[in-house]
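Numbering of residues begins at 1 and proceeds along the displayed sequence.
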Amino acid sequence: MKIIMLGAPGAGKGTQAKKIAAKYQIPHISTGDIFRVNIKNGTELGKQAKTYMDQGLLVPDELVVNLVVDRVNQEDCKNGYVLDGFPRTIPQAEALDRALEALGQKVDYAINVEVPDENIVNRMSGRRACVGCGATYHVEYAPTKVENVCDVCGADLILREDDQPETVLKRLGVYHEQTQPLIHYYTEKHVLKEVDGTVDMEAVFAAIVEILGA
């Protein structure tokens, strides 16, 4: 089965994508990983992507789609895959559909992990990272034994720039503008399924398994 994960930043879609991949024994594919592998291996697509990234530019949609299609054509994807973080926009979704159609394939499920903005701001602004070893915690869900002191190495904890409430709100703004239209797009294609992302992580996963089948 070919699955796309949708959801705002901080909704937990990456965690669920990994759990789906493990249960159904299909690859978890993120565009970040694809870029890293292709650049490291010096592939033609990797070299093209690197020229944009080195200039601090966004990699064009066409190239991203080519990288994704190259990845899903590999042997380990023959039984399906979970795409995490792609597509992000309607043009990317349309390009992906065209490319899959040419291969005689299509997206089976687009799973949207639904979490209200205020929950995401609370969730992300509660994250803390260790300046020493990089361990991560959450003031509410995974606190340290001693406040603001890392359990692992005893160094101080910080609230990362990415997790500051104003940064999170900016990222959510971009998501609503660019990525949320995909919910309508995949609804029209009759492949969208929604799960409540505000409940416990295992309950979210149970809801996804109910959709996909045991």
Side-chain angles (χ1 to χ4, degrees), residues 3-24 26-33 35-36 82-89 109-184 186-187 192-212 214:
I3 304 162
I4 285 169
M5 297 302 290
L6 299 174
K13 62 183 181 297
T15 302
Q16 295 301 332
K18 289 188 184 93
K19 288 171 81 66
I20 292 167
K23 176 172 172 62
Y24 295 97
I26 53 177
H28 167 222
I29 300 172
S30 82
T31 41
D33 290 344
F35 286 160
R36 278 189 289 277
V82 189
L83 272 182
D84 174 16
F86 184 86
R88 287 180 191 270
T89 62
Y109 297 98
I111 297 174
N112 181 37
V113 182
E114 181 58 47
V115 182
D117 284 5
E118 59 269 27
N119 292 50
I120 286 174
V121 174
N122 291 340
R123 211 181 255 189
M124 293 178 83
S125 60
R127 287 179 183 173
R128 296 291 181 273
C130 172
V131 293
C133 67
T136 53
Y137 302 93
H138 194 284
V139 293
E140 193 181 335
Y141 308 118
T144 49
K145 294 186 180 76
V146 179
E147 197 177 336
N148 281 328
V149 176
C150 178
D151 288 349
V152 180
C153 73
D156 292 339
L157 303 184
I158 54 161
L159 173 61
R160 282 187 298 220
E161 185 62 41
D162 267 7
D163 296 331
Q164 302 275 3
E166 51 275 25
T167 311
V168 176
L169 284 167
K170 260 189 219 151
R171 289 170 68 198
L172 286 169
V174 172
Y175 164 75
H176 289 307
E177 187 185 320
Q178 293 186 350
T179 310
Q180 207 167 16
L182 289 173
I183 291 167
H184 177 69
Y186 286 115
T187 300
L192 186 86
K193 303 288 179 188
E194 294 205 290
V195 293
D196 179 2
T198 63
V199 295
D200 169 77
M201 187 172 71
E202 292 303 331
V204 178
F205 186 55
I208 292 172
V209 169
E210 202 167 302
I211 290 163
L212 300 177

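- Using a 4.5 Å heavy-atom threshold, the side chains of I120 and P9 count as separate.
- When all heavy atoms of M5 and V82 are compared, the pair lying nearest together is CG-CG1, 3.6 Å.
- Under the 4.5 Å side-chain criterion, counting only non-hydrogen atoms from C-beta, M201 is in contact with Q16.
- Between V121 and L172, the closest side-chain pair of non-hydrogen atoms falls below 4.5 Å.
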(request) List the steps, then state whether side chain to side chain contact (heavy atoms under 4.5 Å, CB included) holds for R88 with Y175. (result) CA-CA 8 Å; R88 287 180 191 270; Y175 164 75; over 6 Å; no

(request) Just do the side chain to side chain contact (heavy atoms under 4.5 Å, CB included) check on V139 and R128 with the steps written out, would you? (result) CA-CA 7 Å; V139 293; R128 296 291 181 273; 4.0 Å; yes

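- Atoms CG and OH, on L6 and Y186 in that order, are 7.0 Å from each other to the nearest 0.5 Å.
- When all heavy atoms of C130 and C133 are compared, the closest pair comes out as SG-N, 3.3 Å.
- Here the closest heavy-atom approach between residue C153 and residue G132 is recorded as SG-CA, 4.2 Å.
- Each of T187, I183, V195 was compared with N112 under the side chain to side chain contact (heavy atoms under 4.5 Å, CB included) criterion, and only I183 meets it.
- To the nearest 0.5 Å, atom CG of residue L182 and atom CZ of residue F86 are 9.5 Å apart.
- For Q178, the CD atom is densely surrounded, since the number of other residues' heavy atoms within 6.0 Å is greater than 12.
- Here the CG atom belonging to D162 is positioned 9.5 Å from the CD atom belonging to Q164, to the nearest 0.5 angstrom.
- For H184, the NE2 atom counts as loosely surrounded, since its 6.0 Å shell holds 12 or fewer non-hydrogen atoms of other residues, nucleotides or ligands.
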(request) Show your working on side chain to side chain contact (heavy atoms under 4.5 Å, CB included) between I111 and L212 and close with a plain yes or no. (result) CA-CA 10 Å; I111 297 174; L212 300 177; 4.0 Å; yes

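- Across all their heavy atoms, T198 and P116 have their closest contact at CG2-CD, 3.5 Å.
- F205 places a side-chain heavy atom less than 4.5 Å from the side chain of K23.
- Looking at D33 and H28, their side chains never bring a donor and an acceptor atom within 3.5 Å of each other.
- To the nearest 0.5 angstrom, H138 atom NE2 is 8.5 Å from D163 atom CG.
- Between Y109 and I4, the closest side-chain pair of non-hydrogen atoms is not below 4.5 Å.
- Taking CE of M124 as the start and CZ of R160 as the end, the distance is 8.5 Å to the nearest 0.5 Å.
- Surrounding CD of E166 are more than 12 heavy atoms belonging to other residues, nucleotides or ligands, all under 6.0 Å away.
- Listed for the K13 side chain is no donor-acceptor partner under 3.5 Å among the backbone atoms of V113.
- E202 has a carboxylate O that lies under 4.0 Å from a charged side-chain N of K19, or vice versa, which qualifies the two as a salt bridge.
- Of all the heavy atoms in L159 and S125, the pair that sits closest is CD1-O, 3.5 Å.
- Under the 4.5 Å side-chain criterion, counting only non-hydrogen atoms from C-beta, D151 is in contact with Y137.
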(request) Would you please test I3 and I20 for side chain to side chain contact (heavy atoms under 4.5 Å, CB included) and show each step? (result) CA-CA 9 Å; I3 304 162; I20 292 167; 3.9 Å; yes

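- Between V204 and D196, the closest heavy-atom pair is CG2-O, 3.5 Å.
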